[in-house]
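Sequential numbering from 1 along the given sequence is applied to the chain's residues. As the structure is a prediction and not an experimental result, all values here were calculated from the model.
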Amino acid sequence: MPLSFRRASLASLGLAFGLSALCLSPLMAQETKPADATAPATAPAAPVDPNAVVATINGEKLTEADLQLAEGELSQQFAQLPPDQRRAAALSAAIEIRVMAKKAVDSGLDKDADFQRRMAFLQARALHGEVVEKEVVDKVTVAEVRARYDQEIANTPPVNEVHARHILVKTKEEAEAIIKQLDGGADFQKLANEHTNDPSGKTSGGDLGWFGPGQMVPEFDKAAFALDVGKYTKEPVQTQFGWHVIKLEDKRAKQPPAFDDVKDQAKQAVIRDKYFAMVKDLRAAAKVEISDEKLKKDVDTLEAGK
């Protein structure tokens with residue numbers, strides 16, 4: 001089950017509003033100008049007081065922290081704006097939210113039963129996100145990530161990869177004629193440059209580089225991995241692309257990915273495992289009663305599959 005450990009955004013909280021500052025602005029159609037490589041480096045920004053008042057709306061203070069929250073939560077809506085305009089757009093959106101929220105309260109919409117239920121759910125969802133972030137994500141250590149990487153590498157069966165060349169032609173007869181020339185001592189790379197229909201192989205002697213199992217179409221894959229080093233296929237190999245003559249240049253054990261290349265995936269795996277372990281413990285300690293027997297059975301089945 002894929003999980004998102006990001007805090008719930010304002011958009012996901014059901015706040016559907018026009019954001020007129022964006023919708024009515026032609027800036028949405030503009031692209032961000034590329035940075036001037038010759039411009040001098042910008043000095044680091046001075047620390048900002050999160051409690052500094054940026055604006056006052058109907059007597060209610062909107063602080064720097066409030067503005068930064070709005071800018072972060074609404075970042076997707078502001079993605080097409082130039083960076084120097086996102087702060088103003090965030091403030092405009094925050095003001096819009098505040099005045100619309102006041103109207104909702106003045107109209108008694110905050111007392112509506114459906115709204116109250118939705119807010120209760122959203123509060124629980126936000127608290128869920130806080131627990132995951134503070135008790136799971138923030139507590140993952142580099143040592144745990146490294147251990148998960150080592151575990152995955154140890155559990156992965158060794159796999160060979162091969163370095164091969166090929167000559168691709170349209171007909172079986174053409175491929176058979178090339179094999180006869182090879183049997184007579186012709187140079188594979190020269191024949192590839194002269195006859196292959198693979199554009200990338202016309203100047204490389206048909207070189208395909210290194211590849212592992214499953215990276216080529218099945219017929220090609222099977223034939224290439226069956227060859228001994230230095231040998232070529234004695235029968236043409238047909239695929240959806242045409243007819244191939246394949247030569248195996250070398251074989252080697254495929255090296256596992258470096259830790260730095262996959263550490264983010266390893267960290268996500270650690271987070272996932274810790275999350276499910278926490279949920280399992282909390283669910284076991286909670287008293288949960290489901291009145292509908294069929295629904296209970298379906299939930300139990302779903303939970304068992306996690």
Please tell me if the side chains of Asp273 and Arg148 come closer than 4.5 Å, counting only heavy atoms from C-beta onward.
-> yes
Looking at Phe188, is Arg165 sitting on its ring face, NZ or CZ under 6.0 Å from the six-membered ring centre and within 45 degrees of the normal?
-> no
Check whether any side-chain heavy atom of Glu289 sits under 4.5 Å from a side-chain heavy atom of Lys296, and report yes or no.
-> no
Counting only N and O atoms by type, is there a donor-acceptor contact under 3.5 Å from the side chain of Thr196 to the main-chain atoms of Asn193?
-> no
Have Tyr149 and Asp260 got a donor and an acceptor in their side chains that come within less than 3.5 Å?
-> no
For Val140 and Val145, run side-chain contact (heavy atoms from CB on, under 4.5 Å): C-alpha distance rounded to whole Å, both residues' side-chain angles, the deciding distance at 0.1 Å, then the answer.
-> CA-CA 7 Å; Val140 172; Val145 176; 3.7 Å; yes
Run the numbers on Lys102 and Ile57 for side-chain contact (heavy atoms from CB on, under 4.5 Å), then give the verdict.
-> CA-CA 10 Å; Lys102 183 177 184 305; Ile57 305 104; over 6 Å; no
Quick one: do Asp228 and Lys251 make a salt bridge, cutoff under 4.0 Å?
-> no
Do Asn160 and Lys254 have side chains that get closer than 4.5 Å, going by heavy atoms?
-> no
Could you tell me which non-hydrogen atom of Leu208 sits nearest to which non-hydrogen atom of Phe211, and how far apart they are?
-> CB-CE2, 4.2 Å
When the aromatic ring centroids of His166 and Phe220 are compared, is their separation below 6.0 Å?
-> yes
Results of salt bridge (Lys or Arg N to Asp or Glu O under 4.0 Å) for Lys139 - residues two or more places apart only = Glu135
Linking I/L/V/M/F/W/Y whenever their side-chain heavy atoms sit closer than 4.5 Å, directly or via other members, would Leu127 and Val279 fall into one cluster?
-> no
Grab the two heavy atoms, one from His163 and one from Asp207, that are nearest each other, plus how far apart they are.
-> NE2-OD1, 2.7 Å
Can you list every pair that meets salt bridge (Lys or Arg N to Asp or Glu O under 4.0 Å) and has a residue in residues 58-68, with sequence neighbours left out?
-> Glu60-Arg98, Glu64-Arg87, Asp66-Arg98
Are Asp114 and Arg117 close enough for a salt bridge, meaning some N to O gap below 4.0 Å?
-> yes
Hey, are the side chains of Thr63 and Val54 touching, using non-hydrogen atoms and a 4.5 Å cut-off?
-> no
Closest approach of Val245 to Ala175 (non-hydrogen atoms, all atoms of both residues) | CG2-O, 3.7 Å
Looking only at non-hydrogen atoms, find the nearest pair between Ala70 and Ala94 and report the distance.
-> CB-CB, 4.2 Å
Which atoms form the tightest heavy-atom contact between Val229 and Glu249, and what is the distance?
-> CG1-O, 3.2 Å
Under 3.5 Å, is there a donor-acceptor pair between the side chain of Asp221 and the main chain of Gly214?
-> yes
So, do Phe259 and Arg146 sit near enough that their side-chain heavy atoms are less than 4.5 Å apart?
-> yes
State yes or no: do Met216 and Ile246 share one hydrophobic cluster built from I, L, V, M, F, W and Y residues joined by side-chain heavy-atom distances below 4.5 Å, directly or via other members?
-> yes
Nearest atoms (heavy-atom pairs only) where Ser200 meets Ser204 = O-OG, 3.0 Å
Hey, are the side chains of Gln238 and Glu219 touching, using non-hydrogen atoms and a 4.5 Å cut-off?
-> no
Do Pro236 and His244 have side chains that get closer than 4.5 Å, going by heavy atoms?
-> no
State, with a plain yes or no, whether a side-chain heavy atom of Val136 is found less than 4.5 Å away from one of Lys274.
-> yes
Of all pairs that satisfy salt bridge (Lys or Arg N to Asp or Glu O under 4.0 Å), the ones with a partner from residues 185-205, not counting sequence neighbours = none
Could you walk me through whether Phe78 and Gln85 pass the side-chain contact (heavy atoms from CB on, under 4.5 Å) check?
-> CA-CA 9 Å; Phe78 301 149; Gln85 295 179 16; over 6 Å; no
Hey, any chance Phe276 and Val270 share a hydrophobic cluster, counting ILVMFWY side chains that come within less than 4.5 Å of each other, even indirectly?
-> yes
